[in-house]
Amino acid sequence: AQSVTQLDSHVSVSEGTPVLLRCNYSSSYSPSLFWYVQHPNKGLQLLLKYTSAATLVKGINGFEAEFKKSETSFHLTKPSAHMSDAAEYFCVVTKANNNNDMRFGAGTRLTVKP
Amino acid sequence: DAMVIQNPRYQVTQFGKPVTLSCSQTLNHNVMYWYQQKSSQAPKLLFHYYDKDFNNEADTPDNFQSRRPNTSFCFLDIRSPGLGDAAMYLCATSSRRYSNQPQHFGDGTRLSIL
């Protein structure tokens with residue numbers, strides 16, 4: 001079975017400083033991994049996805065994530081936080097080629113201070 | 001822009017009074033999903049349609065039902081809402097089932113129960 005653990009329920013950064021949101025996964029099979037962002041009272045927006053191609057994945061809005069099989073991690077980073085990045089972030093794992101069974105992490109709330 | 005549209009964005013109903021939530025998509029995707037998201041929690045899959053093939057999650061209460069009259073539309077019916085059903089309901093679509101394609105989400109309907 002697949003699962004993800006988001007290591008921080010809340011991360012606070014200052015505007016212009018780097019962002020690191022941590023995600024570890026567990027999977028018996030080759031996984032597909034996704035990061036979604038959810039702004040207040042909005043749906044989930046796909047930031048990026050890993051599906052067994054390049055291990056460093058670039059997404060929208062300057063975010064990127066690196067798939068590290070040896071560490072079973074898929075951490076999300078951004079070099080410089082913007083106020084508009086304040087939101088809830090979800091790491092999601094699926095078994096490769098089974099996008100019906102999305103296993104969500106508990107979410108990390110990102111706060112950006114001026 | 002191709003998208004997933006949920007109506008209404010906010011819905012208030014009375015305890016025990018049936019309610020229907022609507023989702024439409026212009027992506028022409030085969031798969032449509034309904035999720036329930038309670039406050040500060042990850043989304044929980046209720047069921048999905050692959051074309052007209054309905055797939056219920058094992059722990060989805062009987063109180064929740066769905067209809068998909070055509071490719072573009074999908075409805076969530078709650079027969080007798082209880083206070084515990086107050087939540088955000090998210091609709092999502094995917095181009096293919098059993099693939100590594102991501103799901104695309106609407107902005108959700110926030111349901112309140114009086």
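Chain identifiers are assigned alphabetically (A, B, ...) following the order of the sequence lines, protein sequences preceding nucleic acid strands; residue numbering begins at 1 within each chain. Fair warning: this is a prediction, and the values are worked out from it, not measured in the lab.
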I would like to know whether B:L114 and B:T13 meet side chain to side chain contact (heavy atoms under 4.5 Å, CB included); could you show each step before the answer? CA-CA 6 Å; B:L114 299 179; B:T13 191; over 6 Å; no

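For B:D62, the CG atom sits in a loose shell: 12 or fewer heavy atoms of surrounding residues, nucleotides or ligands are nearer than 6.0 Å.
In this structure, A:F104 and B:P43 have side chains that are in contact, with non-hydrogen atoms separated by less than 4.5 Å. Within the 4.5 Å cutoff, no side-chain heavy atoms of A:V19 are placed close to those of A:L76.
Cysteine sulfur proximity is not satisfied for B:C23 and B:C74, their SG distance being 2.5 angstrom or more.
Taking CG of B:L21 as the start and CG of B:D77 as the end, the distance is 8.5 Å to the nearest 0.5 Å.
If you measure heavy-atom distances from A:L44 to chain B, the contacts under 4.5 Å come from both the backbone and the side chain.
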All inter-chain donor-acceptor pairs under 3.5 Å (chain B, chain A):
unit_1: B:R9; atom_1: NH2; unit_2: A:N41; atom_2: O; d: 2.5
unit_1: B:Y33; atom_1: OH; unit_2: A:N100; atom_2: OD1; d: 2.7
unit_1: B:Q37; atom_1: OE1; unit_2: A:Q38; atom_2: NE2; d: 2.9
unit_1: B:Q37; atom_1: NE2; unit_2: A:Q38; atom_2: OE1; d: 2.9
unit_1: B:S94; atom_1: OG; unit_2: A:N99; atom_2: ND2; d: 2.8
unit_1: B:R96; atom_1: O; unit_2: A:N99; atom_2: ND2; d: 2.8
unit_1: B:Y98; atom_1: N; unit_2: A:N99; atom_2: OD1; d: 3.1
unit_1: B:S99; atom_1: N; unit_2: A:N97; atom_2: O; d: 3.4
unit_1: B:S99; atom_1: N; unit_2: A:N99; atom_2: OD1; d: 3.4
unit_1: B:S99; atom_1: O; unit_2: A:N98; atom_2: N; d: 3.3
unit_1: B:S99; atom_1: O; unit_2: A:N99; atom_2: N; d: 3.1
unit_1: B:S99; atom_1: OG; unit_2: A:N99; atom_2: ND2; d: 3.3
unit_1: B:Q101; atom_1: O; unit_2: A:N99; atom_2: ND2; d: 3.0
unit_1: B:Q103; atom_1: N; unit_2: A:Y36; atom_2: OH; d: 3.1
unit_1: B:Q103; atom_1: O; unit_2: A:Y36; atom_2: OH; d: 2.8
unit_1: B:Q103; atom_1: NE2; unit_2: A:N99; atom_2: O; d: 2.9
unit_1: B:D107; atom_1: OD1; unit_2: A:G43; atom_2: N; d: 3.3
unit_1: B:R110; atom_1: NE; unit_2: A:N41; atom_2: OD1; d: 3.2
unit_1: B:R110; atom_1: NH2; unit_2: A:N41; atom_2: OD1; d: 3.1

